[in-house]
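We name chains A, B, ... by the order of the sequence lines, and we start the count at 1 in each one. Values reported hereafter were calculated over all heavy atoms of this structure, with side chains retained and with hydrogens, waters and symmetry mates removed.
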Amino acid sequence: MDKGNINKLIDLTMKMSDKCYALFENGELTSDYQRISNELLLVKARLNKPELYILIGGEAKVGKSTFVNCLIGEKVCPSSDEICTNVPSMIRYAEKEKIVVHFKANEKGETPTELLISRDQIPEYSTEIQNKKNKESVDYLEICINSPILAKGLVFIDSPGLGALDPRHAVATFEMASRADMILFLGNTDKELSSFEIGSLKQLIECSKCGYVAHVLTCCDRGDSDAIKIANIKTIKENFDKEIRTICVSSILFEKYLSNNKEAYLKKSGFDDIFSFIDYVGSIQEEILCSICKYELSIKVNQLLSKVRSIKETTEDPIKLEQRLNELETCKKRLIELTNKSTGWKMTFEKKQLDFQKEISDFIEEKESKMSESVDSLLEDNDYYNSNEKLTSALQSKLTAFKNELSDEIRKGMLEIYQSVKRETGFSSIQECVQTPGIDVSNMVIPKDCGEISKFTTVRTYLSNVMLGGSIGATLAIPTVSSALGLTTVSSALGLTGVSAKIGAMIGSVAPGLGNLVGLVGGALLGGLIALIFSVFQSKETKKKRKAAECKKHLLTFFSEVKKTVVKTLTDNKYLLTTQFAQELSDQQKECADKIKMIQPMAVTARAHWDTVIEIFNTLKSLDNNLSKK
Amino acid sequence: MKIQNLSGELKQMLNEIFSICQNSNGLSDVLDKCILGMSELEQPLKIAIVGTTSSGKSTLLNSLVRRTIVPTGAETLTYNVNVLRHVSRSPKSKECMYVHFKDEHVEVMPISLLSSMVDGRDSSTESLRKNISWVEAYVDFDYLKDIDLIDTPGLLSTKEEDSHNTVDLFNDEIRKPDVFIYLIQRAVLDKDIEAVKQFQISLNNTNSKISGLNTVAALTHCDYFCKGDYSKDFHSMGMKLLESNRTNYASFRSCFCKAFTLAAIFAQTAYAMDDEDFRIIKALGCELYDELTDDLYTRRDFIEDDKVFGKFIQNKDERARFIHRIDIAVIKYAIWWLKNNPSGEFKDLRERLISYSGVRDMDQYVFSNFKRLAIYFKSLKMVSNIRKSIEISNIKFRDKSTLDSLQKVKVLCRNFEVELQRSFSFLSVLVDYYNSSTYFDDEEWEIALGVIDQCLSNNPNIQKLREYELLLQSKLNYFALISDIQAIESCNKLLNQIKLTI
């Protein structure tokens, strides 16, 4: 089948597609028919372009730009060891040199801009060093130069290559590959083909659908190139069904040939093989293009045919028509149902969500009180009591467990809510995405000085204990006084006269004072002792209590943070669910409405324009038959 | 606790645990873990050389042990994983190799057979080779006293079993490497990063953040950059390429803590060459300088050219052997060098070749800096192992004395772990430093480690710290000048540590 024929077929298919569009789509922007028409235009352009597009592909940094420069005999693509190409270049023939930068269309959908540059400016747009991460947003470079090899209608596409750290390079390469009619896949003689290279070559072939591929091994002037060549030929045979030629080249030898024109160098450089291969492919260029385009066309025809067939069958066949009408009926019903029930559904979820929030906050409360208890029990252990670091790590590990439990709890609860939503509404496409609170356990730290009592407090405790002792001492002194009194009584009771009575009286009068003194001193001593004991014994207890209290304070702040985070997470989760629900609801409503809009007139239109439908159908069918013929 | 003294402290702890366990019966499990830990501590640093096919793994290995012990070439060659160890650790205490077969039987063979055992080209040993799981070679070379070298088959080879052999490496405790040298050819590609990540995951480091700390990248075949002009410094050209990768891609920074450029073939050949070879090259050089340096001759031309080469070595087989041993690039370089140093001596040339290759610089860096990190990782693993076995024993035993001993061991471990964690927090400071977009060079690494050690030690040398403070301050000024925010941040972190300690 020749080019003219295919062109005619493409035109015919486009006409059919346009007719379908006019009949059934009422000017819809996202119409399938229109898309097919547009793609057919591209196929037609590819078929009728006067040039052969040759993609130079391969792993990053394999020497693609160097190879292209060598082929055209001029250094137009920036190439050096530390330079990396990041934007594709299309190199085609022109009598007068012209280099155009094609920028990408921006988000606003404005038409892509172009810029004329000089040859020195090329690196500013096509190398990773100067146009880092393609910040200039270049689509591709069009380099038109006056080079004899291009005059035959060859266009070389220098691609950024595959496998680079930047995925943009691969994307750009594949975009270019979709236009290529022939691929030269570069490798290096310093190593065998890797499984990665095999994979990327397969992808390139799939993407371009082109029939002619050669594996070019560069630097064949080095090392054991023959052994590598043999190994690679074997690997390619094992991995590819189609024939892929392997050509060994050496750019150094080719440059030598260019400088001294000795045929021997050309032969040794391997470039004559490349040229003859390109010539061969060029000679059958039309054939290649026809076969690629024919294939593309047949795909499009099949797509159209299946669409028209279904329209035709539904209109013809009473059972199918019945089915369509039933479909229409269900759609209408569903739409009404959706509208009526949506408020009820929303309220149920709100309630569920509230219950769940309550549940979670109860859960946290419970855990918090448990944690606070565990602080007390931990402090009983001297190990933890003495080292705040250990205490911290113990608490942290407990908190981690808590955190996991909390996350599980939230996940479980949310999933339940999701499931109930799905169950009740039948929105099966709602995604169950649950966020769990990001709690950083390491925030919970018991500081080094926690639980230590200041000097001032210690002194105060001590003093208060001394005073306590004093008062106890005074109390103890009372019996002494009374005993002194008793002595007076006794002495008087003895009935002694004169002196003895006086002595007795003296004793009696001194005794209370003495007794008091003894009592006070003893009391103070006792008080000191008690204070000492208290300060040793009681201060430990107080310390522990103090420490516990402080730890709990830290826990409290930690938990208040947790609560805040949890509330936020729950709100986020709720938002996720409700937006999904709302989205799904509106989607389904739209879908139903669309379907109704589509089904209703289609049958009507099809019946009204029955002759046209039949005509389109028959034309497409004969087209399909025509194309599937060998 | 200093990172440098870690092994000493660890040994001390293990000794204490050892004595505690010996005094109470029934703690054999814990004891076993201790003995295992001790022996692991005695183990040399295990360095694995990994990379895609033909990236030069075996060449690097040969130049590290200074003799051609494994076969090299452009094709996919190395078939099995080879571990090179010092002869003193061999059960036979002489050079030999233990071939471990897949059915778990082991055969002892002379070391001279290593080449044919692992060479994928050798069809005579093919059936045997398919059954080999790995090869353990004991070599008499001092370098291996502290280091085990592991050579691996290439990744991403079209031959599937190669990748399997490399992956198996990580499932085996004895061969699990501590450090990776990842070889890159031409440029860092996506697949390289993926492969490295995979390794680091399979080593299951406790913290993904520091996993990059045990991997260095080496760009090999760098001599290709010179293209006949040997006056150019290929190291700086290769570095430029790596540098752009490092500044542009976070994935690169998180995978490798340091990058080198290599031309290992130069070192390998330098060690393989003898005076006689030098004489031949010298004679060749006088006649052929102009023609040889312009890349006219390929290897095969060279052997076949009777007119040129036949004058020096008549026998064709001998000629082939000469060429096989001495790479054509090295001959070209030697001739270029002789041209510039007409009275040059063999030992000067050898020295030039070795320093030209860049292998020595990398070797020194890897050895001096990674030893400490390896000990750190080992310690962390060991302590967790011991603790696990304590948990198990705790359930098993009821009598008081055993439980007391266990408690003691537990306390020891816990204290040690706390200390480790402390040094670990410093490590993450280091990692931040690493991940900053500028290179973390030798000097900076020394400063940072010095700061860390000083801050960690019980009696920090205040004067020393002040010195470091000044050094860091100057670094900070530099970073501010180039407005590298990440580097400034990490620098500030270190300065804060100093201030805290003072």
Can a donor-acceptor pair be found, under 3.5 Å and without considering hydrogens, that links the side chain of T246(A) to the backbone of I233(A)? no
Heavy atoms from other residues, nucleotides or ligands near NZ of K237(A) exceed 12 (cutoff 6.0 Å): no
Quick one: pull up SG in C222(B) and CZ in F266(B) and give me the separation to the nearest 0.5 Å. 10.5 Å
Would a 4.5 Å heavy-atom cut-off, applied to side chains only, mark V50(B) and V196(B) as touching? no
Return yes if some donor-acceptor pair links the side-chain N/O of T218(A) with the main-chain N/O of V249(A) below 3.5 Å, else return no. no
Does N86(A) use its side chain to pair, donor to acceptor, with the backbone of N131(A) at less than 3.5 Å? yes
Kindly give the heavy-atom pair with the smallest separation between A187(B) and L241(B), and that separation in Å. CA-CD2, 3.9 Å
Rounded to the nearest 0.5 Å, what separation is found between the NE2 atom of H215(A) and the CG atom of L193(A)? 4.0 Å
Sequence-distant partners of E194(B), side-chain contact (heavy atoms from CB on, under 4.5 Å), two or more places apart: D190(B)
Non-hydrogen contacts under 4.5 angstrom with chain B: give the residues of residues 160-167 of chain A involved, or none if there are none. G163(A), A164(A), L165(A), D166(A)
Do C255(B) and K197(B) make a side-chain contact, defined as non-hydrogen atoms from C-beta onward lying under 4.5 Å apart? yes
Taking atom CD1 of I49(B) and atom CG of L183(B), what is their separation to the nearest 0.5 Å? 7.0 Å
Residues of residues 194-207 of chain A under 4.5 Å from chain B (heavy atom pairs)? S194(A), S195(A), F196(A), I198(A)
Check whether any side-chain N or O of K232(B) sits under 3.5 Å from a backbone N or O of S236(B) as a donor-acceptor pair, and report yes or no. no
Contacts of residues 57-70 of chain A with chain B (heavy atom under 4.5 Å): E59(A), A60(A), K61(A), V62(A)
Rounded to the nearest 0.5 Å, what separates atom CD1 in I247(A) from atom CD1 in I274(A)? 4.0 Å
